[in-house]
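Numbering of ligands and ligand atoms starts at 1, following listing order. Values below: all heavy atoms of this structure, side chains included; hydrogens, waters and symmetry mates excluded.
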Amino acid sequence: MTEQTNYLTSQNGAPVADDQNSLTAGERGPVLLQDFHLLEKLAHFNRERIPERVVHAKGTGVYGTFTLTKDLSEYTIADHFNEVGKQTETFVRFSTVGGEMGSADAERDPRGFGLRFYTARGNHDIVGNNTPTFFLRDGIKFPDFIHTQKRNPQTNLKDPQAMWDFWALNPEALHQVTVLMSDRGIPANYRQMNGYGSHTYSLWNDKGERFWVKFHFKTKQGIANLTPEQADILKGIDPDSSQRDMVAAIADGNFPRWAVNVQIMAEADANTYSINPFDLTKVWPHADYPLIEIGELELNRMPENYFAEVEQVALAPSNLVPGVGASPDKMLQARLFAYADAQRYRIGANYNQLPVNCPHGTKANHHQRAGAMAGTQCPYHGSQTGGDASANYGPNSGGPNSRIEGLSDTSQFIEPPLRLDGEADRYSRYNQDDFTQAGNLYRILPEEEKARLISNICGTLSQTTLDVQQTMVEHFTKADADYGQRIKQTLGL
Ligand code: NDP
Ligand code: HEM
């Protein structure tokens, strides 16, 4: 029979008689080593932190629901994209990129928009940003780029010279730099911004046909941004402004919603389209590939335990499900490795057994066993490591008449083959137009926003060396002559 347990216990469940006074040798004497309750408290406290994410360390997580309003079975067998009206549980983690866990929310920085669908065929993650593009088109540059966004290793200060030096020497960043320095570079909160899958992914259907796809999440709250002056004040008053905004909205039942859209390209069109569709520094212009609305994302439930569910959530572009695949995008290819690797280090080898990470819509069945912290019960589908009766190897002869339960792979979910050609090489100059789309964005901005863009750029570019300023002016001029001229003039060059 279980006793009433609303008293404090130690980790082994034993009642604690005194949690306020250490065990000492005499009233004024030193503490005894046998005070194992004190030792447990101090030792566990020392282990409360896990490494923060190397990027996107500060974030807000919320559960929600995706409702499909357009059936996509013509393009994909993915369960959550089939059958109008189907609802799929989701989790979204919003974040800033460059700051540490305690940094202010209202920084000029891309915002992470990491979305998980808990589908009936496993977890599908789209780990995107609030920008349709990125600074780079090759993952080999990512660590260097992030070094310029984080603190200078000697001064421990943010370093505008490093940032602009890197952007000057990597003109492919110009489009994203224009997005970052525009009004949308400081969203007012996480509800009033769009999200983008950013990369090109693939969809495949039951006929073995592949399509290239981009995901867009358009806010139904309306876009709202902060001026640099508003942001500077808010950072001081409330460094957690975006977290607070989300907690309040969910508590008030004011559930934020996004219209989910896709752009779809037939597989073969990638070979002839004028833009390399796998270049993450580019969008697919809407005139060429219009948005198709397919559903609504609503966020409606805060996690109960921030550490367990938000700090330990392990979103990864490699979490794909049948009907959704990767693409040759070189950035995406690097990310397919980077996230799970980071999470094994940051959380531990069995991070996928945690309740926020295990599949909710189905059970994980595999031959992986043991490792640190193995054996967590998935609250949705029971033990994930398998019991004594299930085989821990494959192929095996398990089945109904066998003494072991067997698992088998299933060709029903085989992805269509992707035709590849070309010579293995390190290609650097396969797409040299770094400027047209940056210019297109500049040209669609209203005059007042152009003026703020110039001011935002020059605010930090003016703190850099003359050679960096001159190179950047050349880049801006190639995007748009007026853009370059106004920056040159504001810098006084
Ligand atoms: P469109 O005119 O069809 O699209 C313009 C896009 O720009 C819209 O998606 C709009 O988003 C977005 N936009 C509007 N105002 C701003 C702003 N102040 N800051 C940032 N984005 C804004 O033209 P294209 O498709 O040819 O794209 C032109 C440029 O627009 C691109 O070079 C790119 O920089 C930007 N863009 C394009 C997107 C795409 O997928 N094609 C997506 C987002 C931006 P909204 O409707 O939410 O206001
Ligand atoms: C987080 C690497 C590009 C969006 C992370 C993390 C790593 C990483 C290691 C931490 C993961 C974790 O510890 O859980 C990389 C690499 C990139 C890259 C190597 C390029 C090759 C991008 C791009 C986007 C993006 C292009 C968006 C389009 C995010 C988001 C998170 C994140 C949203 C936070 C996920 C969360 O909320 O937990 N990235 N990244 N990253 N990255 Fe990237």
Using only heavy-atom distances, determine whether the side chains of Tyr442 and Asp482 contain a donor-acceptor pair under 3.5 Å.
yes

Applying a heavy-atom cut-off of 4.0 Å, say which part of Leu445 lies close to ligand 1: side chain, backbone, both or neither.
side chain

Near Ile444 (heavy-atom distance under 4.0 Å), the atoms of ligand 1 are 5 (C), 7 (O), 30 (O)

Would you say the side chains of Asp279 and Thr281 form a donor-acceptor pair under 3.5 Å?
yes

Of all the non-hydrogen atoms in the protein, which one sits nearest to atom 7 (C) of ligand 2, and at what distance?
Val55 CG2, 3.9 Å

Polar proximity ligand 1 side, His286 side, N/O cut 3.5 Å exclusive:
yes

When you look at His56 and Arg93, which way does the side-chain hydrogen bond (donor to acceptor under 3.5 Å, both in side chains) test go after all the steps?
CA-CA 10 Å; His56 296 261; Arg93 184 173 176 274; 5.5 Å; no

Counting N and O atoms only, with roles assigned by atom type, does the side chain of Asn189 sit under 3.5 Å from a partner on the main chain of Gln192, one being a donor and the other an acceptor?
yes

Ligand 1 and Lys218, any nitrogen or oxygen pair closer than 3.5 angstrom?
yes

Measure from the side-chain N and O atoms of Asp240 to the backbone N and O of Gln243, and report whether any donor-acceptor pair falls under 3.5 Å.
no

Atoms in ligand 2 with a heavy atom of Leu280 nearer than 4.0 Å:
26 (C)

Verify the distance criterion only: is there a donor paired with an acceptor across the side chains of Glu209 and Asn205 at less than 3.5 Å?
yes

For ligand 2, which atoms, with element, lie under 4.0 Å from some heavy atom of Ala338?
19 (C)

Within the structure, does His199 bring an N/O atom to less than 3.5 angstrom of an N/O atom in ligand 2?
no

Donor-acceptor side-chain pairing of Thr119 and His80 below 3.5 angstrom:
no

Expected output: side-chain Asp125 to main-chain Ala316 donor-acceptor under 3.5 Å
yes

Would you please indicate if the ring centroids of Trp212 and Tyr289 are separated by under 6.0 Å?
no

Which residue owns the protein heavy atom closest to atom 27 (O) of ligand 1, what's the atom, and how far is it?
Val283 CG2, 4.5 Å

Between the candidates His175, Arg184, Lys282, which shows the shortest non-hydrogen contact distance to atom 14 (C) of ligand 1?
Arg184

Backbone, side chain, both or neither: what part of Lys214 comes under 4.0 angstrom of ligand 1, heavy atoms only?
neither

Identified ring pair (Phe, Tyr, Trp, His ring centres under 6.0 Å) partner of Phe166 from the options Phe145, Phe135, Phe142:
Phe145

Just by distance, do the side chain of Tyr351 and the backbone of Arg346 share a donor-acceptor pair under 3.5 Å?
no

Under 4.0 Å from any heavy atom of Asn440, which atoms of ligand 1 are there?
32 (O)

Measure the spacing between NZ of Lys220 and CG of Asn194 and express it to the nearest 0.5 Å.
12.5 Å

Which heavy atom of the protein is the closest neighbour of atom 35 (C) of ligand 1, given with residue, atom name and distance?
Leu441 CD1, 4.0 Å

What is the nearest protein non-hydrogen atom to atom 28 (C) of ligand 2, stated with its residue, atom name and distance?
Ser198 OG, 3.4 Å

Tell me the nearest of Phe134, Tyr196, Phe142, Phe135 to atom 2 (C) of ligand 2, using heavy-atom distances.
Phe142

Proximal atoms of ligand 1 relative to Asn194 (non-hydrogen, under 4.0 Å)
47 (O)

Checking a contact table here: which protein heavy atom is nearest atom 1 (C) of ligand 2, and how many Å away?
Tyr339 CE2, 3.5 Å

Select one of side chain, backbone, both or neither to describe which atoms of Asp183 lie under 4.0 Å from any atom of ligand 1, heavy atoms only.
neither

Mode of Trp284 contact toward ligand 1 - side chain, backbone, both, neither (heavy atoms, under 4.0 Å)
backbone

Quick check on contacts: which atoms of ligand 2 are under 4.0 angstrom from a heavy atom of Val54?
9 (C)

Provide, to 0.1 Å, the distance between atom 33 (C) of ligand 2 and the closest protein heavy atom, together with that atom's residue and name.
Gly128 O, 3.3 Å

Using a 4.0 Å heavy-atom cut-off, say whether Pro285 meets ligand 1 through its side chain, its backbone, both or neither.
both

Write out the residue and atom name of the closest protein heavy atom to atom 29 (C) of ligand 2, then the distance separating them to 0.1 Å.
His56 NE2, 3.2 Å

Which atoms of ligand 2 sit under 4.0 Å from any heavy atom of Leu315?
36 (C), 37 (O), 38 (O)

Nitrogen or oxygen atoms of Gln343 and ligand 2 under 3.5 Å apart
yes

Is Tyr196 close enough to touch ligand 1? Criterion: a residue heavy atom under 4.0 Å from a ligand atom.
yes

Would Ser95 count as being in polar contact with ligand 2, using the rule that some N or O on each side must be under 3.5 angstrom apart?
no

Between Gln87 and Thr67, do the side chains contain a donor N or O and an acceptor N or O under 3.5 Å apart?
yes

Knowing that exactly one of Lys158, Arg151, Arg53 qualifies, which makes a salt bridge (charged side-chain N to carboxylate O under 4.0 Å, His left out) with Glu100?
Arg151

Do Asp245 and Ser242 have a side chain donor and acceptor closer than 3.5 Å?
no

I need the nearest protein heavy-atom contact for atom 37 (O) of ligand 2: residue, atom name and distance, please.
Arg93 NH1, 2.7 Å

Say whether Glu309 and Tyr63, considering side chains only, have a donor N or O and an acceptor N or O under 3.5 Å apart.
yes

Under a 4.0 angstrom heavy-atom cut-off, which atoms of ligand 2 come close to Ala342?
9 (C), 13 (O)

What is the closest protein heavy atom to atom 12 (C) of ligand 2, and at what distance does it sit?
Arg346 NE, 3.4 Å

Establish whether atom 25 (O) of ligand 1 and some protein heavy atom are separated by less than 4.0 angstrom.
yes

Go through the steps to decide whether Asn319 and Arg116 satisfy the test side-chain contact (heavy atoms from CB on, under 4.5 Å), and finish with yes or no.
CA-CA 9 Å; Asn319 283 339; Arg116 165 166 297 164; 3.4 Å; yes

At under 4.0 Å between heavy atoms, which part of Asp341 makes contact with ligand 2: side chain, backbone, both or neither?
neither

Nearest-neighbour protein heavy atom for atom 25 (C) of ligand 2, which is reported as residue plus atom name and distance:
Arg335 NH2, 3.0 Å

Check contact between Pro132 and ligand 1, using heavy atoms of the residue and a distance below 4.0 angstrom.
yes

Classify the side-chain pair Asn152/Gln154 by whether it contains a donor and acceptor separated by less than 3.5 Å.
no

Atoms of ligand 2, numbered as shown, that sit under 4.0 Å from any heavy atom of Met331:
20 (C), 21 (C)

Side chains of Tyr196 and Lys214: closer than 4.5 Å at any heavy-atom pair?
no

Ligand 2 and Asn129, any nitrogen or oxygen pair closer than 3.5 angstrom?
no

Considering only heavy atoms of Gly139, which atoms of ligand 2 have at least one such atom less than 4.0 Å away?
21 (C)

Do Asn225 and Asp183 have side-chain N/O donor and acceptor atoms under 3.5 Å apart?
no

CA sep, side-chain torsions, deciding dist, call: Gln176, Thr131, side-chain hydrogen bond (donor to acceptor under 3.5 Å, both in side chains)
CA-CA 8 Å; Gln176 179 81 338; Thr131 61; 3.0 Å; yes

